[in-house]
Amino acid sequence: MRDGQGEGRDTGLSRELLGWYDAHARALPWRVGPAARAAGEAPDPYRVWLSEIMLQQTTVAAVKAYFDRFTALWPTVGELAAAEDARVMGEWAGLGYYARARNLLKCARIVAGEHGGAFPRTIEGLRALPGIGPYTAAAIGAIAFDLPATVVDGNVERVMARLHNDPTPLPAAKPRLTAYAAALTPKARPGDYAQAVMDLGATVCTPRNPACGICPWRAPCAAQAAGTAAELPKKTPKQPKPVRLGIAYVALREDGAWLLERRPDTGLLGGMLGWPGSDWGDAPQETPPLEADWIALSTEARHTFTHFHLRLSLRVAHVPLSAAPSRGQFLPPEAFRPSDLPTVMRKVFDLAATQRPD
DNA sequence: TAATCGTGGGT
DNA sequence: TACCCAAGATT
């Protein structure tokens, strides 16, 4: 499909984009910018990996503080590998998609224990590690090791759909968009190029109101010519979110300890701390974790997950030192920070700590 | 293949 | 308010 003409065009396109990146690259805590890179500075594969895991389905703005905190606490993969599970899960709390944190630890321990602390330098080797899929393997390979790998994230899908004015809805369009992206990937500076396409998507070729007027790919863009850029990419309609109901129990012992439980490693909020409670469904049943004078709060906690809305009714109780719960364990104040809780559970804490029972 | 898995910000 | 979206992986 790619004849001599096409090859030349593609080389021109990547050169245009790299030139734009040299002038407009975002400065990011985990990034070695184009000037420093040209001067020979190499990125730290640990920092590249950590940032890529955090950035999965997560905005740059949300990641920055977590990245700074993690790298301050654990500057190397070996130190992260030696951390306690509960500590890492607590630091990840609030960032979401908690399987990432569990796989982060698994991966760190494999790299530290089986690879001498060095990340594999091949796409296949990276891809074999927990939490590293097709995108992340390509990103680490290109950015950390300058492997000629093609990254395809949401930015790249959008940029390619517009560049080729492809109306095929996602996710069905992904294989073709991947082929488009692969055909454009240059052999020179693949790491900078990968970051350049993503920067273009994040700052110019945005989902809404794309800034086509300042785009380095304005001339070759088929959607720009057709006037369809803002409508692409097409996506298949999403399923409506059902409402689920639940009950959460917040017990405060007289010495200031809170009754919390560690959720199982699999499923929603896996591996995180939470308040004991009912199942979440159509008709939750009262399942208090201990006998007490439970007081119902008038305000429920509302939270929306990826695929359902949750309304949690709250029950609070003050209990004596002799309290013997059937679930969970009492954590004294010095062993528990509200920031260790996933957001939905922190909402429960905030309501229980501030609402007056009635 | 399709469902599951979080959260905060923007519109 | 409600919906969309963000550097996806796993099963």
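In what follows, every chain begins at residue 1, and chains take the letters A, B, ... in the order their sequences are listed. Here the structure is a predicted model, which is why all the values come from computation and not from measurement.
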Quiz item: Heavy atoms under 4.0 Å, any strand shown: does A/Leu95 hit a base, just sugar-phosphate, or nothing?
Solution: base
Quiz item: With rounding to whole Å, what would you report as the distance between C/dA9 and B/dG9 at their P atoms?
Solution: 24 Å
Practice problem: Looking at every strand, decide which applies to A/Thr343 at a 4.0 Å heavy-atom threshold: base, sugar-phosphate, or nothing. | Solution: sugar-phosphate
Practice problem: With heavy atoms under 4.0 Å as the rule, sort A/Leu28 into base, sugar-phosphate or nothing. | Solution: base
Exercise. Mind checking A/Arg127 for me? I need base, sugar-phosphate or nothing, with any heavy atom below 4.0 Å counting as a touch.
Key: sugar-phosphate
Exercise. Establish, yes or no, whether a centroid distance under 6.0 Å links the rings of A/Phe67 and A/Phe70.
Key: no
Quiz item: Can you find a side chain N or O atom of A/Gln57 that sits less than 4.0 Å from OP1 or OP2 on C/dG8?
Solution: yes
Exercise. Hey, which sits more toward the 5' end of DNA chain B by its nearest nucleotide, A/Ala61 or A/Gln56?
Key: A/Gln56
Quiz item: Reckon A/Trp30 touches a base, only the sugar-phosphate, or nothing at all at heavy-atom distances under 4.0 Å?
Solution: base
Exercise. List the steps and the verdict of side chain to side chain contact (heavy atoms under 4.5 Å, CB included) for A/Val63 and A/Trp30.
Key: CA-CA 11 Å; A/Val63 164; A/Trp30 47 85; 3.8 Å; yes
Exercise. Taking the six-membered ring for Trp and the full ring for Phe, Tyr or His, determine whether the centres of A/Phe305 and A/His307 are under 6.0 Å apart.
Key: no
Exercise. Mind checking A/Arg102 for me? I need base, sugar-phosphate or nothing, with any heavy atom below 4.0 Å counting as a touch.
Key: nothing
Quiz item: Quick one: does A/Arg208 reach the base of C/dA6 with a side-chain donor-acceptor pair under 3.5 Å?
Solution: no
Quiz item: When the nearest nucleotide of DNA chain C is assigned to A/Gly154 and to A/Pro233 on a heavy-atom basis, which residue is associated with the more 5' position?
Solution: A/Pro233
Quiz item: Does any non-hydrogen side-chain atom of A/Val77 lie less than 4.5 Å from one of A/His115?
Solution: no
Exercise. Under 4.0 Å between any heavy atoms, over every strand shown, what does A/Thr136 touch: base, sugar-phosphate, or nothing? Just pick one.
Key: sugar-phosphate
Quiz item: If you take atom types as modelled and just measure distance, does the side chain of A/Thr304 reach the base of B/dG6 with a donor-acceptor pair under 3.5 Å?
Solution: no
Self-check item: OP1 or OP2 of C/dT10 under 4.0 Å from side-chain N/O of A/Tyr97
Solution: no
Quiz item: Should A/His307 be listed as having a side-chain N or O under 4.0 Å from OP1 or OP2 of B/dA3?
Solution: no
Quiz prompt | Short side-chain N/O contact to C/dC5 OP1/OP2 from A/Lys238, under 4.0 Å | solution = yes
Practice problem: Using a 4.0 Å heavy-atom cut-off across all strands, classify A/Gly201 as base, sugar-phosphate, or nothing. | Solution: nothing
Quiz item: Should the pair A/Arg337-A/Glu91 be classified as a salt bridge under the 4.0 Å nitrogen-to-oxygen rule?
Solution: yes
Self-check item: Side-chain N,O (A/Thr59) to OP1/OP2 (B/dG9) below 4.0 Å
Solution: no
Exercise. Describe the nucleic acid contact of A/Gly270 in one word from base, sugar-phosphate, nothing, applying a heavy-atom distance below 4.0 Å.
Key: nothing
